[in-house]
Number of protein chains: 2
Amino acid sequence: MEKEKLVFEKYLVSKGLKLTKPRKIILDTVFATHEHFNVDGLYDQIRKKHKDVSRATIYRTIPLLVESGLIKQSLRCLAKDHYEHTYGHDRHLHLICEKCGKIIEVESKEAESILKKLAKIHNFDIKEYNVGAKGLCRKCSD
Amino acid sequence: MEKEKLVFEKYLVSKGLKLTKPRKIILDTVFATHEHFNVDGLYDQIRKKHKDVSRATIYRTIPLLVESGLIKQSLRCLAKDHYEHTYGHDRHLHLICEKCGKIIEVESKEAESILKKLAKIHNFDIKEYNVGAKGLCRKCSD
DNA sequence: GATAAAATTGAGAATGAGTCTCAAAATAGT
DNA sequence: ACTATTTTGAGACTCATTCTCAATTTTATC
């Protein structure tokens, strides 16, 4: 958690921005769990403790977290953008339930190595990749 | 093009639906090129020839085309859902150049089989999958 | 620690892609 | 043609996200 704060602060300073209270609260809440999150969930989570952080500020802070390399935009699910941690996390792929919205994270070195192989063939320099599937989770497919 | 029409008609009949004029126009326009498309672009394209197809009907027809297996939802770009042909096209993954926007389509049976294997382990019923990477293409990485 | 300039915030209005409603029009079976 | 059913266009609506702007907070400077 402290590491994330340092990374974020360093990024903000480099851009002439400030690590304000709302930004600190958002950062803390984002990294309080290892889950994927979306703005609504994050807002609810924050509201449990702090009545003074607005949705607008969350929407404004997320691009800063993305730019700083701490999180990245991930799936779009139920018409909502979702985000996931990137700092200190291995790559993984997603199985997304279209019915209940559950996200199963799966590690796969295989998928990664295949993509790398294909990228090499096409002289493509991969910065970021995404592997995933949509469908029904165990519970919802009964 | 005729094949697509047959596939679509067969699907519609199986659902007790009709291949109406607007649906025919939409189908024709979608398969007039091999490009990815979004609703706005499709609407503009259709409007050049036909003044009588509404956005609502396009939005209503796209899920039918998806269900019939002719197209699938693809990338989301500039806040818009994009679609791509699937009928007669092998599954492929995308290498998207972040600089010039070029999309390289790559075939890979391997990626598909890995996803299927992982889904089985997690009792997940895959309806749709997506594999891709962002980065720099050959030209842009020089 | 007071002050002022600059950055940031909260609240709510605005935007815009996608969905829904419903009366009118097209379709298919008889 | 006649009727029942499906489909359509137009526009209202939804809802995630973005924008606006006056009020507040922050930081640098005294």
Side-chain angles (χ1 to χ4, degrees), chain A residues 5 8-30 36-47 49-68 71-83 98 101 134, chain B residues 8-30 36-47 49-68 71-83:
Chain A
K5 189 174 284 180
F8 194 37
E9 193 150 29
K10 190 173 172 188
Y11 167 77
L12 292 173
V13 167
S14 80
K15 294 284 177 180
L17 305 173
K18 296 155 190 172
L19 183 51
T20 60
K21 262 183 223 161
R23 284 175 183 160
K24 227 177 284 179
I25 291 169
I26 292 166
L27 179 75
D28 286 350
T29 310
V30 164
H36 285 230
F37 65 94
N38 60 45
V39 170
D40 274 6
L42 186 55
Y43 181 74
D44 291 347
Q45 204 61 29
I46 286 173
R47 277 286 159 138
K49 295 277 180 184
H50 310 273
K51 297 294 173 206
D52 49 352
V53 176
S54 70
R55 273 201 169 72
T57 299
I58 295 175
Y59 275 110
R60 278 187 287 237
T61 302
I62 282 175
L64 301 177
L65 290 169
V66 171
E67 268 295 302
S68 73
I71 67 175
K72 70 164 189 169
Q73 190 168 358
S74 170
L75 314 151
R76 187 173 167 85
C77 188
L78 272 7
K80 286 174 183 151
D81 288 336
H82 286 240
Y83 302 87
E98 290 177 322
K134 291 183 186 175
Chain B
F8 195 35
E9 193 150 29
K10 190 174 171 187
Y11 167 77
L12 291 173
V13 167
S14 79
K15 293 284 176 181
L17 305 173
K18 296 154 190 171
L19 183 51
T20 59
K21 260 182 225 162
R23 284 175 183 158
K24 227 177 285 179
I25 291 168
I26 292 166
L27 179 75
D28 286 351
T29 310
V30 164
H36 288 231
F37 67 93
N38 60 45
V39 170
D40 273 7
L42 186 55
Y43 181 73
D44 290 348
Q45 205 60 30
I46 287 173
R47 278 287 160 137
K49 294 278 179 184
H50 310 273
K51 297 295 174 206
D52 49 352
V53 176
S54 71
R55 274 200 169 71
T57 298
I58 295 176
Y59 275 112
R60 277 187 290 236
T61 302
I62 282 176
L64 301 177
L65 291 169
V66 171
E67 268 295 302
S68 72
I71 66 173
K72 70 164 191 168
Q73 191 169 357
S74 170
L75 311 154
R76 189 175 166 84
C77 189
L78 271 8
K80 285 173 184 153
D81 288 338
H82 286 239
Y83 302 87

Contact between [X] and [Y] at the side-chain level, heavy atoms closer than 4.5 Å - yes or no?
{"X": "A:Phe8", "Y": "A:Ser68", "result": "yes"}
{"X": "A:Ile71", "Y": "A:Ile62", "result": "yes"}
{"X": "A:Val53", "Y": "A:Arg47", "result": "no"}

For this session: Tell me what A:Ala79 touches on the nucleic acid: a base, only sugar-phosphate, or nothing, going by heavy atoms under 4.0 Å.
Result: sugar-phosphate

Exercise. Which part of the nucleic acid, if any, lies within contact of B:Asp81, taking any heavy atom under 4.0 Å across all strands shown: a base, the sugar-phosphate backbone alone, or nothing?
Worked result: sugar-phosphate

What's the closest nucleotide to the side chain of [X] if the choices are [options]?
{"X": "A:Asp40", "options": "D:dA16, C:dA17, D:dG9", "result": "D:dA16"}
{"X": "B:Lys18", "options": "C:dT21, D:dT5, C:dT8", "result": "D:dT5"}
{"X": "B:Pro22", "options": "C:dT8, D:dT8, C:dA17", "result": "D:dT8"}

Return the value, rounded to whole Å, for the distance between atom [atom1] of [X] and atom [atom2] of [N].
{"X": "B:Arg60", "N": "C:dT19", "atom1": "CZ", "atom2": "C1'", "result": "10 Å"}
{"X": "A:Ile46", "N": "C:dT9", "atom1": "CD1", "atom2": "P", "result": "12 Å"}
{"X": "B:Leu78", "N": "C:dT15", "atom1": "CG", "atom2": "C1'", "result": "15 Å"}
{"X": "A:Arg76", "N": "D:dA16", "atom1": "CZ", "atom2": "C1'", "result": "7 Å"}
{"X": "B:Lys80", "N": "C:dA17", "atom1": "NZ", "atom2": "P", "result": "5 Å"}
{"X": "B:Lys24", "N": "D:dT6", "atom1": "NZ", "atom2": "C1'", "result": "16 Å"}
{"X": "B:Leu42", "N": "C:dA17", "atom1": "CG", "atom2": "P", "result": "15 Å"}
{"X": "B:Leu12", "N": "C:dT27", "atom1": "CG", "atom2": "P", "result": "14 Å"}

Exercise. So, does the side chain of A:Arg55 form a donor-acceptor pair with the base of C:dG12 at under 3.5 Å?
Worked result: no

Exercise. Considering heavy-atom distances to DNA chain D, does B:Gly16 or B:Ile58 have its closest nucleotide positioned more toward the 5' end?
Worked result: B:Gly16

For this session: For residues B:Tyr11 and B:Leu64, report the shortest heavy-atom separation together with the two atoms involved.
Result: CE2-O, 3.6 Å

For this session: Report yes if at least one side-chain N or O of A:Tyr59 is closer than 4.0 Å to OP1 or OP2 of D:dT17; otherwise report no.
Result: yes

For this session: Compare side-chain N and O positions of B:Thr20 against OP1 and OP2 of D:dT6 and report whether any pair is under 4.0 Å apart.
Result: no

For this session: Between B:His82 and A:Ser54, name the one whose nearest nucleotide on DNA chain C is closer to the 5' end.
Result: A:Ser54

Problem set entry | Charged N-O contact under 4.0 Å between B:Asp52 and B:Lys21 | no

